[in-house]
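The first residue in the sequence is number 1, and the count goes up from there.
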Amino acid sequence: MAKLNAGLPPKGAPDQTLLDAVSLAALDYFWDFAHPLSGMARERSAGTFGYDTDAVVTTGGTGFGIMALLVGAHRAWLPQDAVAARIARIVGFLSEAERHWGVFPHFMDGSTGETVPFSETDDGGDLVETAFLAAGLIAARQALPSLAPRIDRLLDGIAWTAHLREADQALLWHRSPNHAWTDKSLPIRGWNECLIVYVLAAGSRTHPIPPSLYHLCWAGGEEFRNGITRHGVTLPLGPPGGGPMFLSHYSFLGLHPRGLRDRYADYDEQTRAHAAMNRAHCVANPHGHAGYGPACWGLTASDSPEGYAAHSPENDLGVISPTAAVASLPYLPDASMAALRHFIEDRGEALWGRFGLADAFNPRTGWVAEASLAIDQAPMVVMIENHRSQLIWDLVMAAPQVQAGLTALGFDSPYLNRTSA
């Protein structure tokens, strides 16, 4: 199978050439590096994290990867029939894989479909990772109508309500077949990366959650409303400094923020402000990290010299994650493009690898992450394409499950005036 990575682009190449090169190289993570049996996305390409990185596949990363594969077919970088066959293989594997109340685990064995525990007590269903997977399947459902019946069976089998704790009306992230919920169980409260969970759970045809959960649990989060101004940027929702950039990426790979509003926020304003605050922090550089600047910015969850970390203005370890800036292209086109050009032209010899841009680097010490991660590679492919054509946004927002969920939760969106199928 031919590799998609054509090598480090030359200096001075047009913007579109750089965007193509980064997308193609990152896409190869989900094409050539996919698990050979299931077609699912491996969690990471290297490293020792207590599990077999060759065997373990990720559900959420696979959902994002399906979106990336659809980009590849749309751009004719990959044969459309081969992409359809790959996604059909993934759907077939998922249909036989272990589930817990219809909910998929975070990790699975890519050959057997058995649950691989994420932690000692996280050995069952992961509702957030399942939502990310479902969003990718929904994009495929819309793009590949022949797969729609099989994908609908998977979606209808997700018992979103199985993660509802009636006692306090909390929707819980995890549910284990072996461990009871405790006071430390993790309710899915905003503001974070999990908006898509509530949209899909409320729009389910078979196991819909009551819309009141969105307002009681999600919007009742401790760091939901913000309104703080930093560096001249006012942020409607989220942690004081905005949090890692993935908060504005993961759900919005499929949910189009432009024109998307509810009683709490305008999500175009939210995502743009979050990206602007993340960049402004790196420009202000309050910790004096060498190398930060207007074209070297981007804090999100990625590897670091100390291990995996959720980098953010509140947790700034001096590590830049290229996906943070590159996947923000729809929000800050000029600033994201400047960062992408800097990563390639000024640092490319150090940062360019098998799957394109490295997961993370420390501009002061020269440390560069060894591994690529599915959840960091895919957002670059998807958000570059959303910026160019709105491909994935148009697919996901037109789906009946998404339209039903947005309507149930009281959202306004231009897509709600269109016909879904």
Side-chain angles (χ1 to χ4, degrees), residues 26 29 41-51 53 56 58 60-61 64 106-107 118-120 122 126 128-129 132 173-174 184 186 189 191-194 222-223 230 235 238-251 274-275 277-293 296-328 339 343 347 350-351 353 355-380:
Y29 189 99
R42 292 181 167 111
E43 167 72 4
R44 56 170 53 241
S45 64
T48 303
F49 280 78
Y51 55 84
T53 54
V56 171
T58 167
F64 298 164
H106 189 134
F107 287 161
F118 188 73
S119 68
E120 182 179 355
D122 182 5
D126 185 314
V128 176
E129 294 293 314
F132 296 156
W173 199 302
H174 310 112
K184 295 182 180 180
L186 190 60
R189 299 189 187 278
W191 177 252
N192 53 46
E193 72 273 27
C194 303
E222 294 76 9
E223 291 186 327
R230 287 189 182 180
L235 190 66
M245 272 312 305
F246 72 82
L247 305 191
S248 286
H249 291 158
Y250 292 173
S251 282
H274 184 195
M277 187 173 285
N278 194 283
R279 177 180 181 272
H281 169 86
C282 294
V283 173
N285 194 12
H287 304 296
H289 295 305
Y292 279 29
C296 190
W297 64 277
L299 306 179
T300 195
S302 69
D303 279 348
S304 78
E306 292 77 33
Y308 190 74
H311 308 288
S312 71
E314 299 87 5
N315 184 40
D316 184 357
L317 306 179
V319 172
I320 296 293
S321 309
T323 187
V326 176
S328 296
F343 298 149
R347 300 179 179 273
L351 298 185
F355 304 113
L357 290 173
D359 186 62
F361 67 99
N362 185 315
R364 179 182 66 83
T365 66
W367 171 86
V368 176
E370 175 189 11
S372 295
L373 277 66
I375 56 173
D376 288 343
Q377 296 305 106
M380 292 190 286

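- With contacts defined as side-chain heavy-atom distances shorter than 4.5 Å, the pair Pro244/Asn315 does not qualify.
- Screening Thr53, Asp303, Asp376 for a side chain to side chain donor-acceptor pair (under 3.5 Å) involving Arg44 leaves a single residue, Asp303.
- Here Ser372 contributes atom OG and Arg42 contributes atom CZ; the two are 13.0 Å apart, rounded to the nearest 0.5 Å.
- Of all the heavy atoms in His274 and Ser248, the pair that sits closest is ND1-OG, 2.7 Å.
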Stepwise side-chain contact (heavy atoms from CB on, under 4.5 Å) test for Ser328 and Arg279:
CA-CA 10 Å; Ser328 296; Arg279 177 180 181 272; over 6 Å; no

Evaluate the side-chain contact (heavy atoms from CB on, under 4.5 Å) criterion for residues Asp316 and Tyr292: first the C-alpha distance (whole Å), next the side-chain angles of each, then the deciding distance (0.1 Å), finally the verdict.
CA-CA 11 Å; Asp316 184 357; Tyr292 279 29; 2.6 Å; yes

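- Closest of all the heavy-atom pairs between Leu235 and Gly242 is CD2-CA, 3.4 Å.
- Using a 4.5 Å heavy-atom threshold, the side chains of Ser302 and Val319 count as touching.
- Of all non-hydrogen atoms in Pro379 and Tyr250, the two that sit nearest each other are CG-CE2, 4.3 Å.
- In this structure, Ala374 and Ala41 approach most closely via the heavy-atom pair CB-CB, 4.3 Å.
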Would Tyr308 and Leu373 count as a side-chain contact (heavy atoms from CB on, under 4.5 Å) if you check the C-alpha gap in whole Å, the side-chain angles of each, and the deciding distance to 0.1 Å?
CA-CA 11 Å; Tyr308 190 74; Leu373 277 66; 3.5 Å; yes

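- A 4.5 Å side-chain heavy-atom check between Leu351 and Phe361 finds at least one atom pair inside the cut-off.
- The main-chain N or O of Phe246 is found under 3.5 Å from a side-chain atom of Thr300 such that the two form a donor-acceptor pair.
- You'll find the side chain of His311 reaches within 4.5 Å of the side chain of Ser304, heavy atoms only.
- Taken from CH2 in Trp173 to NE2 in His106, the straight-line distance is 9.5 Å, to the nearest 0.5 Å.
- The minimum heavy-atom distance between Pro240 and Glu223, with the atom names listed, is CD-OE2, 3.7 Å.
- Heavy atoms only, all atoms of each residue included: Pro363 and Arg347 are closest at CB-NH2, 3.6 Å.
- Between the side chain of Glu129 and the backbone N or O of Thr58 there is no donor-acceptor pair closer than 3.5 Å.
- The NE2 atom of His289 sits 8.5 Å away from the CZ atom of Arg364 when rounded to the nearest 0.5 Å.
- Not one N or O on the side chain of Ser321 forms a donor-acceptor pair closer than 3.5 Å with the backbone of Ala324.
- Between the side chain of Asn278 and the backbone N or O of Leu299 there is at least one donor-acceptor pair closer than 3.5 Å.
- Proximity of His281 to Ser312: side-chain heavy atoms (C-beta onward) are nowhere separated by under 4.5 Å.
- Between Ile320 and Phe343 there is a side-chain heavy-atom pair separated by less than 4.5 Å.
- Remark: Ser45 OG to Gln377 CD distance equals 8.0 Å, nearest 0.5 Å.
- Taken to the nearest 0.5 Å, the CD atom of Glu120 stands 14.0 Å off from the CZ atom of Phe118.
- For the pair Asn362 (side chain) and Trp367 (backbone), a donor-acceptor distance under 3.5 Å is absent.
- Note: Phe64 and Phe132 have tilted aromatic rings, judged against thresholds of 30 and 60 degrees for the angle between ring planes.
- For the atom pair Cys194 SG and Leu186 CG, the distance stands at 8.0 Å (nearest 0.5 Å).
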